[in-house]
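A short write-up of the structure that comes next.
Here is the naming used below: chain letters follow the sequence lines, and residue numbers restart at 1 for every chain.
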Amino acid sequence: MPDSPDAVREFEARIAAGETIEPKDWMPDRYRKQLIRMMSQHAHSEVVGMLPEGNWITRAPTLRRKLGLLAKVQDEAGHGLYIYCGTETLGIDRAELVDQLLAGKAKYSSIFNYPTLTWADIGAIGWFVDGAAIVNQTMLAKASYGPYARAMVRICKEENFHKRQGYEIMATLSAGTPEQKRIAQDAVNRWWWPSLMMFGPSDKDSPNSAELTRWGIKRKGNDELRQRFVNLTVGQAVAIDLVLPDPELRHDAETGNWHFGPIDWDEFTRVVHGDGPLNRERLAARQDAHRAGAWVRDAAVAHAAKRAAAADAVAKSAAA
Amino acid sequence: MADDHSAAPASVATTSRDGQWPLWEVFLQPPRGAPFEHAGSVHAVDAESALQNARDVYARRGEAVNIWVVPTTAITASTPEDVGPFFDPGNDKPYRHPQFYSVPRGVRVY
């Protein structure tokens, strides 16, 4: 049944008045669908995001670094769960979303299809990828859908640790031996542009932006967020003596913004559509992990059944 | 759902769909005597594992000194449609607020 125009008007008036939409409230079918799409992609990104970093846990250079990275990767699992839990309030089962991911039918952030070649990549991910995510998620913490906004608040609190541990890695490498400095700069060169792509296509080319903005799911445009990230990051790079790989980068006194060069959107499109460096490997790793964890899930079910049976027997003998 | 599931490649384990484990709502009590607050939900086979999952998911940094997990199906909630009439009895009773009562000018009552 199509949504009645009156109901949609009333709904949009609530959004305009700054009210939060909660799970049992009426919402247009399209609002629900857009949220399920966006939130599940976000949750999948958190989960797949564990893979590039998980690679380096056993190879972290010191115990301090290893502890930090372990905690960060565990956080990413938690973030995935917060957002899956929020998505389930829209009436879809988490298992169905996980199935879509495992079947290769779901999207996740393209950035995780790039390889982590050296330890410096772990620094660059924390600094750039988590830095960009903070800019985006700080905006989403004001989203009109309550469960999504609340999950974002929780995530933002934890994400700052991720960014700082990454930046510290980069600062340390940059001040280290010539070889350490070299891998730090190399990681910056490889991760900078894909990080700018994380904000998505320019608003004028983004099919979903207008609707998401009208319904208060997004409060700022992709270009505005991207510019904010660039403005924040330039000074951080200068401070640790690393160069952002953009010959066009210059401060625009008129706007106060850092002007940056054109983004290669063809590369973005290729990676989104499955032709990134590691799309197939990431999916295979997720499927392997899901399969390898099956015995744990089976054991949990068996254990619960056994305990329930034992409790039942005790209750029966007490009654006898 | 069964159809969607059968569409998964054969390589993917199709047993133990953890989403079909019962859903539990998680409430955390922050330190220093604050009241319990809803944090989110977890899937778990039983109450004990729900509690452990809730700790791992929602309390990794000292956010809580107590956790409640409640089966989602056990919660009875007011509905948005009834919101007007349901809360109305409280809204038209200004005499429940201190501002309703006048006191002599210049007297501090609290």
### Message
Does any backbone or side-chain atom of A/Arg150 lie under 4.5 Å from a heavy atom of chain B? Answer side chain, backbone, both or neither.
### Response
neither
### Message
Heavy-atom cut-off 4.5 Å, strictly under: side chain, backbone, both or neither for B/Ser41 against chain A?
### Response
both
### Query
Any side-chain donor-acceptor pair under 3.5 Å between A/His42 and A/Tyr148?
yes
### Message
Heavy-atom pairs under 4.5 Å with chain B: which of A/Ala305, A/Gly78, A/Ala304 has the most?
### Response
A/Ala304
### Query
B/Phe100 and B/His97: aromatic ring centres closer than 6.0 Å?
no
### Query
In terms of side-chain heavy atoms, does A/Gln34 have a donor or acceptor partner in A/Arg37 at a distance below 3.5 Å?
yes
### Message
Using ring-ring contact (aromatic ring centres under 6.0 Å, His included), reason through B/Tyr95 and B/Tyr101 one step at a time and then give a plain yes or no.
### Response
CA-CA 8 Å; B/Tyr95 47 85; B/Tyr101 301 93; 8.1 Å; no
### Query
A/Arg307 versus chain B, heavy atoms under 4.5 Å apart: side chain, backbone, both or neither?
side chain
### Query
Looking just at side-chain N and O atoms, do B/Tyr58 and B/Asn53 make a donor-acceptor pair shorter than 3.5 Å?
no
#### Entry: Most contacts with chain B, counted as non-hydrogen pairs under 4.5 angstrom, among A/Leu81, A/Asp25, A/Thr89
A/Asp25
### Query
Which bit of A/Asp75 comes within less than 4.5 Å of chain B, counting heavy atoms only: side chain, backbone, both or neither?
both
#### Entry: Between A/Gln41 and A/His44, a side-chain donor and acceptor under 3.5 Å
no
### Task
Would you indicate whether A/Lys306, at its atom NZ, is surrounded by more than 12 heavy atoms from other residues, nucleotides or ligands within a distance under 6.0 Å?
no
### Any residue of residues 4-12 of chain A which, by heavy atoms, sits under 4.5 Å from chain B
none
### Query
Can you say whether the rings of B/Phe36 and B/Trp68 are parallel (under 30°), tilted (30 to 60°) or perpendicular (over 60°)?
parallel
### Message
Can you confirm whether B/Arg61 is buried at CZ, in the sense that more than 12 heavy atoms of other residues, nucleotides or ligands lie under 6.0 Å from that atom?
### Response
yes
